[in-house]
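All remarks here apply to the structure that follows.
Numbering of residues begins at 1 and proceeds along the displayed sequence.
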Amino acid sequence: MAEIVRRRTPFNGQRSATAPATCAQRHMWNLIQRQLPDAAFYDVSHGVDLPPHTAVGDVLTVLSELVGRYESLRTAFGPGPDGTLTQRVLCSGSFETEIATTGPGEDPRDVLRAWRRRMRHTAFDLTTAPLFRAVVVVADGTPVLAAYRVSHLAADLMSLRHLAAELTRLLAARTAGRPAPPPAAFRQPVEQAWYERSPRGQALLARSRAYWRDQLAAAPATMFPSLTPGATGDAAPERYSAVMDSRAASLALPVLAGRWRVSTSAALLAVVALLLGRRAGLTVCTLRLLAANRFTPELRGAVANLHQEVPVTIDLTGGSVPGIARRAFAACTTAYANGLYDPDHAEELLRAAERDRGTGISLSCCFNDIRATHETRGDGGPEAAHAVRAAMADTVVARHAFAEGEDFFLVVDDEEPGWLRLVLNADTRAFPPPEVHTFLHDVERLLVELVEDAPQQTRMAGRSG
């Protein structure tokens, strides 16, 4: 068993500051409050392989530098004098770091997995900064892995990837004796909050409010007729997750995207929406997409929580899968353009729409494509169809530990080159466990059929349910 030493690692930033919370921070704060008492539910972590010839002291120094550079990592949250959520940036302080030394024959990645399991039940106090902690795994006297865990209030997935790249660059410079490279130009969350209150920011929020009003008018009350929107019960709903690793889907998506002239994400979303719509007997499908909201150069390199979940309604009529994919592509483009919104305004619009309809409206259906690459390619011809069909023999579907709080939450990843990973978490009242597995297989099956049957794709929608 690994020997663990805990220590406090100091940090120093450029300033302390207080500002209103950003729209994305308020959005995440609301999600966390709904998940209580499980305060750690929305904490996120990321691991990094360390380069050779690295010392523990070097890793700690670089982690300290990261916390000093990025104010979101040393920000606390709580109500301000007027009761609205406020962000408070700490100039200096310290964070907890574990130094975990592996025992004889112990795999460093097992040590890291054990740390992550413990952190899953070790919540941050959101009113106290920093919302950041780290671990360094040492094997044979050399640090080989590092990982950090942050509150989702402080960082989104893109931020975790930025931090990993920055950590690697800083370590390489330090071990080579070079000066630390400066970060790319970026906007800190305090400045983002003031931007959202500027005339330009207010215009964007007004546009997104109109978008939400239109989406709520078009959305069905629920994608799952077996669930009553707004109904509450004594027992918390049970959820079940499964994962599908598919080479066939990875091969099929670029072919279909190139053939239909859409993104691979839109091609996959069209198939998922079509299957959900057929299952519910609906001619439209509404899902929430996770918008990165990095629409300006100064936000692309930011470390902060910027993402928000924005609804998109896809028209499933017409019978042509390529047509549905092109409508999905256009709808997603519009949705992402309206990904920055005031969560309080969105909630007000939802309640108003429910009052007008006289029924609850559930938007608890999410599609989250977190792939780093989105390749497209040409038609491929019969050879591509044969390869896609043959690859189905390698598909694996199994239970997974992924947990979410939605009725339906599908995550798309490509961490393993040449494979597409789909992880589906669902409320068992809407999707009994066997049907979660079936749905994943149906996604793959339809993708393969569409590659094989290009001339007849206008008829595929009718037999894909």
Side-chain angles (χ1 to χ4, degrees), residues 23 27 30-31 34 205-232 237 265-266 268-291 293 307-318 321 323-369 404-411 424-427 429-431 439 461 464-465:
C23 288
H27 176 84
N30 293 342
L31 291 176
R34 292 170 192 162
L205 295 179
R207 186 183 71 183
S208 64
R209 184 166 186 165
Y211 174 82
W212 267 83
R213 187 179 292 110
D214 292 343
Q215 287 297 305
L216 290 168
T222 178
M223 292 304 303
F224 307 106
S226 60
L227 301 179
T228 303
T232 58
S265 190
L268 180 59
L269 178 61
V271 166
V272 170
L274 181 58
L275 291 172
L276 283 172
R278 287 283 173 178
R279 195 173 186 276
L282 297 171
T283 58
V284 297
C285 176
T286 297
L287 304 100
R288 296 203 322 275
L289 308 178
L290 274 70
N293 286 333
H307 91 255
Q308 291 184 264
E309 297 164 4
V310 59
V312 63
T313 300
I314 300 167
D315 180 1
L316 305 176
T317 60
V321 183
I324 294 170
R326 285 189 280 271
R327 290 196 293 271
F329 184 57
C332 289
T333 301
T334 303
Y336 290 132
N338 289 279
L340 174 64
Y341 60 88
D342 186 317
D344 296 331
H345 290 170
E347 187 69 20
E348 291 168 4
L349 291 170
L350 175 61
R351 299 303 163 224
E354 290 178 328
R355 288 193 297 272
D356 290 344
R357 291 196 193 188
T359 185
I361 300 173
S362 172
L363 301 177
S364 190
C365 189
C366 296
F367 178 92
N368 186 15
D369 189 345
E404 257 298 341
E406 308 292 339
D407 295 341
F408 176 99
F409 200 110
L410 182 68
V411 178
L424 174 56
N425 177 262
D427 186 328
R429 296 171 300 175
F431 267 83
F439 188 88
S464 62

Quick check against the 3.5 Å criterion: does Tyr341 have a side-chain atom that pairs as donor or acceptor with the backbone of Cys23? no
CG (Leu350) and CH2 (Trp212) are apart, to the nearest 0.5 Å, by 7.0 Å
Which pair of non-hydrogen atoms, one from Cys366 and one from Glu406, has the smallest distance, and what is that distance? SG-CG, 3.9 Å
Checking side-chain contact (heavy atoms from CB on, under 4.5 Å) for the pair Asp369/Leu289: CA distance, chi angles, key distance, verdict? CA-CA 8 Å; Asp369 189 345; Leu289 308 178; over 6 Å; no
Could you report the tightest heavy-atom contact between Tyr211 and Pro311, atom names first, then the distance? OH-O, 2.6 Å
Criterion side-chain contact (heavy atoms from CB on, under 4.5 Å) on Val272 and Phe439, from CA distance to verdict: CA-CA 9 Å; Val272 170; Phe439 188 88; 4.2 Å; yes
Donor-acceptor pair, Asn368 side chain versus Leu290 backbone, under 3.5 Å? no
Non-hydrogen atoms of Met223 and Leu282 that approach each other most closely: SD-CD1, 3.8 Å
I'd like to know if the side chain of Thr283 and the backbone of Thr317 have a donor-acceptor N/O pair within less than 3.5 Å. no
Tell me whether the rings of His307 and His27 are parallel (<30°), tilted (30 to 60°) or perpendicular (>60°). perpendicular
Do you know the tightest heavy-atom contact between Phe409 and Val411? CE2-CG2, 3.4 Å
With salt bridge (charged side-chain N to carboxylate O under 4.0 Å, His left out) as the rule and sequence neighbours excluded, what pairs involving residues 205-228 come up? Arg209-Glu348
Measuring from atom OG of Ser364 to atom CZ of Phe224, what distance do you get when rounded to the nearest 0.5 angstrom? 7.5 Å
Glu309 meets the side chain to side chain donor-acceptor pair (under 3.5 Å) criterion, sequence neighbours left out, with Arg288
Between Leu269 and Phe329, does the side-chain contact (heavy atoms from CB on, under 4.5 Å) criterion hold? Intermediate values first, please. CA-CA 9 Å; Leu269 178 61; Phe329 184 57; over 6 Å; no
Indicate the atoms forming the closest heavy-atom contact of Glu354 with Ile361, along with that distance. OE2-N, 2.8 Å
Taking every heavy atom of Ala221 against every heavy atom of Arg357, the minimum-distance pair comes out as N-NH1, 3.5 Å
Distance check, rounded to the nearest 0.5 Å: Thr334 atom OG1 versus Gln215 atom CD? 8.5 Å
Partners meeting side chain to side chain donor-acceptor pair (under 3.5 Å) with Thr286 (sequence neighbours left out): Thr313
Would you give the length of the straight line joining atom CD1 of Ile314 to atom SG of Cys332, rounded to the nearest 0.5 angstrom? 5.5 Å
Measuring from atom OG of Ser226 to atom CG of Asp407, what distance do you get when rounded to the nearest 0.5 angstrom? 8.5 Å
CG on Leu287 to CZ on Phe367, rounded to 0.5 Å: 8.0 Å
Do Leu276 and Cys365 pass the side-chain contact (heavy atoms from CB on, under 4.5 Å) test, and can you show the C-alpha distance, the side-chain angles, and the key distance before you say yes or no? CA-CA 10 Å; Leu276 283 172; Cys365 189; 3.8 Å; yes
